[in-house]
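First the structure, in the form of structure tokens, and then the observations on it.
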Amino acid sequence: QLQLVESGGGLVQPGGSLRLSCAASGFTLNSYAIGWFRQAPGKEREGVLCISRSGAMLNYVDSVKGRFTISRDNAKNTDYLQMNSLKPEDTAIYYCAAKTRGSYGSMWCPRGAVDFDSWGQGTQVTVSS
């Protein structure tokens, strides 16, 4: 059974940092493109970043450029979303997702949430003073 579990969310002050984890079970994380998404109250789900099988990254939204990045620990079968210089507008539930169906190139990332087929339950990030 394929499963993704996010953790690491919490309350942080503006300008602070958080590292979210996305742990996979039932499959090898680096065999698939992994995306990070977020949904703020009253807003639609928004793509944040994607990491391809080869480790190439795709920014889905300009607002996180230079502040967020993804790293991978193959031994732990876990991806991490490192978030720096956090702003109140980063407040949201953050999800990781995997595209496990279909074949695609190692450097390719899906262009949107609809292309991902396995999702975690999400972790809440609140940026507030």
Side-chain angles (χ1 to χ4, degrees):
Q1 180 181 359
L2 306 181
Q3 189 175 20
L4 291 168
V5 178
E6 302 95 334
S7 61
L11 173 65
V12 62
Q13 292 187 342
S17 298
L18 274 179
R19 189 180 76 160
L20 307 183
S21 300
C22 174
S25 60
F27 67 103
T28 302
L29 205 63
N30 63 11
S31 296
Y32 304 101
I34 303 298
W36 284 89
F37 296 82
R38 64 187 181 185
Q39 188 164 19
K43 294 187 177 181
E44 294 187 355
R45 183 172 48 191
E46 175 184 59
V48 178
L49 278 169
C50 174
I51 183 168
S52 71
R53 290 190 285 124
S54 67
M57 265 181 276
L58 172 68
N59 271 97
Y60 287 128
V61 61
D62 288 343
S63 63
V64 305
K65 283 183 178 178
R67 299 190 299 124
F68 290 12
T69 191
I70 297 174
S71 62
R72 174 164 285 169
D73 187 332
N74 292 327
K76 294 184 178 180
N77 205 27
T78 299
D79 276 356
Y80 302 95
L81 178 67
Q82 178 67 44
M83 306 186 295
N84 300 324
S85 303
L86 282 161
K87 305 175 181 179
E89 51 264 42
D90 295 319
T91 296
I93 300 175
Y94 283 72
Y95 302 88
C96 64
K99 178 172 173 60
T100 66
R101 298 172 188 162
S103 60
Y104 49 94
S106 63
M107 294 188 67
W108 185 79
C109 265
R111 291 303 180 257
V114 295
D115 292 321
F116 289 89
D117 49 80
S118 295
W119 290 79
Q121 83 292 347
T123 185
Q124 176 70 48
V125 172
T126 302
V127 185
S128 175
S129 54

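Atoms considered below: every heavy atom in the structure, side chains included; atoms not considered: hydrogens, waters and symmetry mates. All values derive from a computational prediction rather than experimental measurement.
- Residues Val64 and Arg38 form a side-chain contact, since some pair of their non-hydrogen atoms from C-beta on lies under 4.5 Å apart.
- With sequence neighbours left out, the side-chain contact (heavy atoms from CB on, under 4.5 Å) criterion links Ser17 to Gln82, Asn84.
- Put simply, NZ on Lys87 and OG on Ser63 are 7.0 Å apart, with the number rounded to the nearest 0.5 Å.
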>> Between Gln121 and Glu6, does the side-chain contact (heavy atoms from CB on, under 4.5 Å) criterion hold? Intermediate values first, please.
In response: CA-CA 7 Å; Gln121 83 292 347; Glu6 302 95 334; 2.9 Å; yes

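- The SG atom of Cys96 sits 9.5 Å away from atom CG of Leu81, with the distance rounded to the nearest 0.5 Å.
- Two residues are said to be in side-chain contact when any heavy atoms from C-beta on lie closer than 4.5 Å; Arg111 and Cys109 meet this criterion.
- Here the rule is side-chain hydrogen bond (donor to acceptor under 3.5 Å, both in side chains) with Arg72, and of Thr78, Asn77, Asp79, Asn30 only Asp79 fits it.
- For the pair Ile34 and Leu29, the minimum side-chain heavy-atom distance is below 4.5 Å.
- With hydrophobic clusters built from ILVMFWY side chains whose heavy atoms lie under 4.5 angstrom apart, Val127 shares a cluster with Val61.
- Atoms OG and CG, on Ser25 and Leu4 in that order, are 7.5 Å from each other to the nearest 0.5 Å.
- In this structure the side chain of Tyr32 reaches within 4.5 angstrom of the side chain of Tyr104, judged on heavy atoms.
- Counting side-chain heavy-atom gaps under 4.5 Å among Ile, Leu, Val, Met, Phe, Trp and Tyr, the cluster of Tyr95 also holds Phe37, Leu58, Tyr60, Ile93, Phe116, Trp119.
- No more than 12 heavy-atom neighbours from other residues, nucleotides or ligands sit within 6.0 angstrom of CD on Glu44.
- Between Pro14 and Ser129, the shortest heavy-atom distance links the atoms CD-N, 3.7 Å.
- Using a 4.5 Å heavy-atom threshold, the side chains of Gln124 and Thr91 count as touching.
- Taking CE of Met107 as the start and OG of Ser52 as the end, the distance is 6.0 Å to the nearest 0.5 Å.
- Using a 4.5 Å cut-off between side-chain heavy atoms of Ile, Leu, Val, Met, Phe, Trp and Tyr, with links allowed through other members, Leu18 and Tyr80 fall into different hydrophobic clusters.
- Two residues are said to be in side-chain contact when any heavy atoms from C-beta on lie closer than 4.5 Å; Trp108 and Lys99 meet this criterion.
- If you take OG on Ser31 and CG on Asn74, they are separated by 9.0 Å, rounding to the nearest 0.5 Å.
- Between the CG atom in Leu20 and the CD1 atom in Ile70 there is a gap of 10.5 Å [rounded to 0.5 Å].
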> Between Val125 and Met83, does a side-chain contact (heavy atoms from CB on, under 4.5 Å) hold up when you go through it step by step?
Replying inline: CA-CA 10 Å; Val125 172; Met83 306 186 295; 3.9 Å; yes

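- Summarising the geometry of Gly105 relative to Arg53, their closest heavy-atom pair is C-NH2, 3.4 Å, with the distance given to 0.1 Å.
- Judged by distance alone, the side chain of Asp115 and the main-chain N or O of Pro110 form no donor-acceptor pair under 3.5 Å.
- Among all heavy-atom pairs drawn from Gln3 and Phe27, the shortest one is O-CE2, 3.7 Å.
- Judged by distance alone, the side chain of Ser54 and the main-chain N or O of Ser106 form a donor-acceptor pair under 3.5 Å.
- The minimum heavy-atom distance between Gly8 and Thr123, with the atom names listed, is N-OG1, 4.2 Å.
- For CZ of Arg67, the number of neighbouring non-hydrogen atoms (other residues, nucleotides, ligands) closer than 6.0 Å is greater than 12.
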